[in-house]
Amino acid sequence: MDAIEIRSDSSLAEAVQILAQHKILSAPVVDVDAPDHASWIDRYIGVVEFAGIAVWILQQSEPPSPRSPSDGSAVAAAASGVISPVEQQVLGSESAAATSGSFFECLTSSELYKSTQVRDISGSFRWAPFLALQTTNSFLTMLLLLSKYKMKSVPVVDLGVGKIENIISQSAVIHMLAECAGLQWFERWGTKTLSELGLPMMSPASIVKVYEDEPVLQAFKLMRKKRVGGVPVIERGGNKAMGNISLRDIHFLLTAPEIYHDYRSITAKNFLTAVRSYLEKHDQVSPMLTNMITCKKDDTIKHLILMLDSKKIHRVYVVNSDGNLQGVITLRDIISRLVHEPHGYFGDFFDGVLPLPQDSRV
């Protein structure tokens, strides 16, 4: 099956719909102005991620810089109404949550969201470099890119036709590992506990989290600021997680307006409740419909891999015997425990990477 691609002249609204429809987090962007005979380097201008669109959305929720003239759009005006941390202290989280509801309603109905093209924002967010593999590259190269080099997925190009023939994701690697159950090497490695493998890599104090009564917009802002793909929703006054919100969940606010229509005060807790209700109503299967999925430090790595693969989730939270958070483990963390990069391994491999746009922030 051909890889899903997004045209560079697609609107943000269309890009979100495509990603949500195919339940994917990112897709390569095809330059519509490239000639038919273009090589793959000239054919693709990068990879657009839900994370990147989310960052653009969150930028609309920030007042314009005094040094940057406002474009005067309706969204910019509404975005200026989304409160700062200082204002939140004055208004309280409920007022902040209601304001974020107005913001999303204004955004999704605006001409800016419907007319802004994917290529128009390529320099304003974490625009993923288009680094592709060829079928002759090694398995180690792929694993290193998906772990140490922090790529969520890696395209595989067919040099003959200059097109992407496949995309390998972190989830695909975890599924491959799960398929190795029963093999001698996997069973031997799989008996190791998480703590024996140095997992979780993050201390409890370093967990990025949002409290249940905070605006859901705050959760997405934290993900942007801390560059993480998801945050646990924590009970106020405690350290137990009641759910998880990931960057891809922002599509519910962009494609299912009834979520914020029914919940004018969009706290993190109300967002989880609304999404679960929406999924049940539309008979959709999602990890958000199940109870919070957790593990313990003395669980084996085999148990964790099989659980992540069966539940189709990208992170799991580590808890102690009382259910309090102790850390988080991502797919990247697991893959990183499988590989080691030999000195000078990549050589000039990265010289062919399509450079980031000149005005990119990352």
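In this text the structure is predicted, and so the values were computed from the model without any measurement.
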**Q.** Gap between atom CD1 of Ile301 and atom SG of Cys295 - 0.5 Å precision
**A.** 9.0 Å
Q. Can you find a pair of side-chain heavy atoms, one from Val328 and one from Pro200, that are under 4.5 Å apart?
A. no
Q.
Would the distance check show the side chain of Asn320 and the main-chain N or O of Asp322 forming a donor-acceptor pair, the cut-off being under 3.5 Å?
A. yes
**Q.** Minimum heavy-atom distance between Arg332 and Ser147, given as atom pair plus value
**A.** CD-O, 3.2 Å
Q) About how many Å separate CD1 of Ile305 and OG1 of Thr300, when rounded to the nearest 0.5 Å? A) 8.5 Å
(Q) Whether the side chain of Gln218 engages the backbone of Pro215 through a donor-acceptor N/O pair (distance < 3.5 Å, no angle test) should be reported. (A) no
(Q) Would you say that Asp158 contacts Trp40 through its side chain, given a criterion of any heavy-atom pair below 4.5 Å between the two side chains? (A) no
**Q.** Heavy-atom side-chain proximity of Val231 to Met223 below 4.5 angstrom
**A.** yes
Q. Using a distance-only test with no angle check, is there a side-chain donor-acceptor pair under 3.5 angstrom linking His314 and Ser171?
A. yes
**Q.** Minimum heavy-atom distance Glu341-Phe346, with the two atoms named
**A.** OE2-CD1, 3.3 Å
Q.
Using a 6.0 Å cut-off, check whether atom NZ of Lys192 has over 12 heavy atoms from anything other than its own residue.
A. no
Q.
Tell me whether Ile164 shares a hydrophobic cluster with Val32, the cluster being built from Ile, Leu, Val, Met, Phe, Trp, Tyr side chains joined at under 4.5 Å.
A. no
Q.
As an exercise, state the distance from CD1 of Ile168 to CE of Met151, rounded to the nearest 0.5 Å.
A. 11.0 Å
Q: Indicate if Leu338 and Leu308 have the same hydrophobic cluster label, given that clusters are the connected sets of ILVMFWY residues with side-chain heavy-atom separations under 4.5 angstrom.
A: yes
Q: Taking the side chain as every heavy atom from C-beta outward, state whether Phe252 and Val216 have any atom pair closer than 4.5 Å.
A: no
Q. So, Ser246 versus Asp249: side-chain donor-acceptor pair below 3.5 Å or not?
A. yes
(Q) A side-chain contact here means heavy atoms from C-beta on lying under 4.5 Å apart; do Glu165 and Thr135 qualify? (A) yes
**Q.** Close side-chain approach of Val228 to Thr330, heavy-atom, < 4.5 Å
**A.** no
Q.
Restricting to non-hydrogen atoms, name the atom on Met142 and the atom on Leu133 that form the minimum distance, rounded to 0.1 Å.
A. CB-CD1, 3.8 Å
Q: Examine Val173 and Ile329 and state if one hydrophobic cluster contains both, with Ile, Leu, Val, Met, Phe, Trp and Tyr joined whenever side-chain heavy atoms are less than 4.5 Å apart.
A: yes
**Q.** N-O pairing of Glu5 and Arg43 below 4.0 Å
**A.** yes
Q: Please check if any side-chain donor atom of Thr141 sits under 3.5 Å from a side-chain acceptor atom of Tyr345, or the reverse.
A: yes
Q. Around atom CZ of Arg7, are there more than 12 heavy atoms of other residues, nucleotides or ligands at under 6.0 Å?
A. no
Q: Taking all non-hydrogen atoms of both residues into account, name the closest pair between Phe186 and Lys302 and its distance.
A: CE2-CG, 3.7 Å
(Q) Show, in sequence, the C-alpha distance, side-chain angles and deciding distance for Val157 and Leu159, and conclude whether the side-chain contact (heavy atoms from CB on, under 4.5 Å) test is met. (A) CA-CA 6 Å; Val157 295; Leu159 294 182; 4.0 Å; yes
(Q) For the CZ atom of Arg227 and the NZ atom of Lys225, what is their distance to the nearest 0.5 Å? (A) 12.5 Å
Q) Any donor and acceptor pair, going by atom type alone, linking the side chain of Glu280 with main-chain N or O of Ser277 inside 3.5 Å? A) no
Q: Write down the atom of Leu140, the atom of His340, and the distance for their closest heavy-atom approach.
A: CD1-O, 4.1 Å
Q: Quick one: do Ser11 and Tyr113 satisfy side-chain contact (heavy atoms from CB on, under 4.5 Å)? Show the steps, please.
A: CA-CA 7 Å; Ser11 71; Tyr113 179 62; over 6 Å; no
Q | Joint hydrophobic cluster, Leu306 plus Ile313, side-chain heavy atoms closer than 4.5 Å | A | no
Q) Of Val319, Val318, Asp299, which meets side-chain contact (heavy atoms from CB on, under 4.5 Å) against Thr294? A) Val319
(Q) Can you give me the closest heavy-atom contact between Glu187 and Thr191, atom names plus distance? (A) O-CG2, 3.0 Å
Q. NE2 of His175 to OG of Ser310: how many Å apart, nearest 0.5 Å?
A. 11.5 Å
Q) Judged by atom type as modelled, is there a donor-acceptor pair below 3.5 Å linking the side chain of Thr116 to the main-chain atoms of Leu112? A) yes
(Q) Taking Thr267's backbone N and O only, do any of them form a donor-acceptor pair with Glu212's side chain (distance below 3.5 Å, no angle check)? (A) no
Q | Donor + acceptor pair across side chains of Tyr317, Gln326 (<3.5 Å) | A | no
Q. What distance separates Leu331 CG from Ile174 CD1, expressed to the nearest 0.5 Å?
A. 5.0 Å
Q | Evaluation steps, side-chain contact (heavy atoms from CB on, under 4.5 Å), between Met292 and Lys240 | A | CA-CA 10 Å; Met292 186 71 176; Lys240 294 182 180 179; over 6 Å; no
Q. Under the side-chain contact (heavy atoms from CB on, under 4.5 Å) criterion, do Val29 and Arg119 qualify, and how do the steps go?
A. CA-CA 8 Å; Val29 179; Arg119 60 186 169 192; 5.9 Å; no
Q.
Given 3.5 Å as the limit, does a donor-acceptor pair link the side chain of Lys312 with the main chain of Asp309, or not?
A. yes
Q: Please tell me if the side chains of Lys209 and Asn239 come closer than 4.5 Å, counting only heavy atoms from C-beta onward.
A: yes
Q. Do the side chains of Asp31 and Tyr44 get nearer than 4.5 Å, heavy atoms only?
A. no
Q. Linking I/L/V/M/F/W/Y whenever any side-chain heavy atoms sit under 4.5 Å apart, do Met307 and Trp189 land together?
A. yes
